[in-house]
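This report concerns only the one structure given below.
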Amino acid sequence: MFYIKKNKIHLIEKNKQIIIKKEQTIKDYKQKIIELNEVITSLKYSTKNNIDYSIKSLNEDNSNTWKNKYEELNKKYIQTHDEVIYLRRTYDKEHAKLILLENELEIAHKKIIELQKNNLQKYRKEDIENINDWRKFEQFIAKQFNVKNFKVILTPRTNDGGKDIIIEKNSIKTYIECKYWNSNKTIGREEIQKLAGAAMMDGVKNAIFITTSTYNENALETARALNKNGFNINLWTTKDLLAFINK
C-alpha cells in the first residue's frame with residue numbers, strides 16, 4: 001500500500017505541474033489577446049481616420065495598407081482566441097483527472113491509516129495465553145509474520161514435515177516450529193534437533209522455535225552448538241514473540 005501511495009502522490013504532483021503550466025499558458029494567451037485587442041481597436045480608429053483622410057486626398061494606398069494590417073491582426077486575434085478555448089478545454093480535462101487521482105489517493109490513504117491502526121495494536125502476555133489452542137497459536141504467529149511483510153506458508157495440521165510455518169523474506173527461507181505448552185513443560189534437545197533436522201534436510205539454514213513455555217539447558221546447549229556450526233536457530237518464548245509483534 002505504501003508503494004501505491006507513493007506512486008499516487010508522484011502522479012498527482014506531476015499532474016499539478018502540468019496544470020500549472022497550462023494555466024500559465026492560458027494566462028499568457030489571454031494577455032496576448034488583450035494586447036492584440038488594444039492594437040486592433042487602435043487600428044480600427046486609425047484605419048477610419050486614414051480612410052477619411054485618403055478619400056479626401058484621393059489616395060487609397062495608405063487606406064488599403066491600414067485595412068490589410070487590421071485584417072491580418074484580426075485573423076491573428078481570432079486564431080489566438082481559438083487556441084485559448086482549446087487550451088482551456090485541455091486544462092479542464094487534466095483538472096478532472098487530477099481531482100479523480102486525489103480522490104483515489106484519499107481512499108488509499110484512509111486504508112493505510114486503518115492498516116496502521118491494526119498494526120499498532122499492542123499485544124500482552126494475557127492475549128497469548130487466551131488463545132488457548134495450539135492450532136490457533138500457529139495461525140496467530142503466521143498472521144504476525146504476514147503483517148511484517150514475510151511470505152508465509154502455514155503447514156497442515158498433520159504430516160507437517162517437522163515445521164509448522166515456513167516464512168521467507170529477501171530470499172531467505174526460515175522454518176518455524178510452534179509449541180503452545182504450559183509453563184511446567186519445558187522444551188528439550190529432541191524438539192530442537194527435530195526442527196533443525198527438518199530444515200537442513202530441505203537445505204534451509206534458518207529456524208525459529210517459538211513456545212509459550214521455556215527451554216531446558218539441553219535445548220539451549222543444542223541451539224548454541226548448531227549456531228556455532230553454521231546453522232542459525234533462535235529460541236523464542238512468549239516474551240520474544242511479543243517483542244517481535246509489538247516492534
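Atoms considered below: every heavy atom in the structure, side chains included; atoms not considered: hydrogens, waters and symmetry mates.
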If we ignore hydrogens and angles and just use 3.5 Å, is the side chain of [X] paired with the main-chain N or O of [Y] as donor and acceptor?
{"X": "Asn216", "Y": "Asn218", "value": "yes"}
{"X": "Asn227", "Y": "Arg224", "value": "no"}
{"X": "Thr237", "Y": "Thr214", "value": "no"}
{"X": "Asp164", "Y": "Cys178", "value": "yes"}
{"X": "Thr155", "Y": "Lys163", "value": "yes"}
{"X": "Lys122", "Y": "Asn246", "value": "yes"}
{"X": "Tyr180", "Y": "Ile128", "value": "yes"}
{"X": "Thr222", "Y": "Arg189", "value": "no"}

Answer whether the closest heavy-atom distance between the side chains of [X] and [Y] falls below 4.5 Å.
{"X": "Lys247", "Y": "Lys148", "answer": "yes"}
{"X": "Phe244", "Y": "Ile208", "answer": "no"}
{"X": "Phe209", "Y": "Ile187", "answer": "yes"}
{"X": "Thr212", "Y": "Glu129", "answer": "no"}
{"X": "Lys143", "Y": "Ile245", "answer": "no"}

Do the two ring centres, one from Phe140 and one from Tyr123, sit under 6.0 Å apart?
yes
Are more than 12 heavy atoms, taken from residues, nucleotides or ligands other than Glu190, located less than 6.0 Å from that residue's CD atom?
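For Glu190, atom CD is not crowded (no more than 12 foreign heavy atoms under 6.0 Å).
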Minimum heavy-atom distance between [X] and [Y], given as atom pair plus value:
{"X": "Ala142", "Y": "Leu154", "value": "CB-CD1, 4.3 Å"}
{"X": "Ala199", "Y": "Tyr175", "value": "CA-CD2, 3.5 Å"}
{"X": "Val152", "Y": "Asn146", "value": "CG2-N, 3.6 Å"}
{"X": "Gly162", "Y": "Leu195", "value": "O-CD1, 3.7 Å"}
{"X": "Leu226", "Y": "Met200", "value": "CD2-CE, 4.1 Å"}
{"X": "Lys169", "Y": "Asn149", "value": "CE-O, 3.9 Å"}

Give the cluster check for [X] versus [Y]: same hydrophobic cluster or not, with ILVMFWY residues linked at side-chain heavy-atom distances below 4.5 Å.
{"X": "Ile192", "Y": "Ile166", "value": "yes"}
{"X": "Trp181", "Y": "Leu242", "value": "no"}
{"X": "Ile176", "Y": "Trp236", "value": "yes"}

N-O pairing of Lys194 and Glu191 below 4.0 Å:
no
How far does [atom1] of [X] sit from [atom2] of [Y], to the nearest 0.5 angstrom?
{"X": "Lys151", "Y": "Ile167", "atom1": "NZ", "atom2": "CD1", "answer": "12.5 Å"}
{"X": "Phe231", "Y": "Asn206", "atom1": "CZ", "atom2": "CG", "answer": "7.0 Å"}
{"X": "Ile153", "Y": "Lys173", "atom1": "CD1", "atom2": "NZ", "answer": "6.5 Å"}
{"X": "Trp134", "Y": "Lys179", "atom1": "CH2", "atom2": "NZ", "answer": "9.0 Å"}
{"X": "Ser183", "Y": "Lys185", "atom1": "OG", "atom2": "NZ", "answer": "12.5 Å"}

Given side chain to side chain contact (heavy atoms under 4.5 Å, CB included), test Ile141 with Glu138 step by step and report yes or no.
CA-CA 5 Å; Ile141 292 172; Glu138 292 173 1; 5.9 Å; no
Set out, in order, the CA-CA distance, both residues' side-chain angles and the distance that settles side chain to side chain contact (heavy atoms under 4.5 Å, CB included) for Phe145 and Thr174, then state yes or no.
CA-CA 11 Å; Phe145 276 97; Thr174 303; over 6 Å; no
Would Ile165 and Phe150 count as a side chain to side chain contact (heavy atoms under 4.5 Å, CB included) here? Give the steps.
CA-CA 11 Å; Ile165 302 168; Phe150 284 82; over 6 Å; no
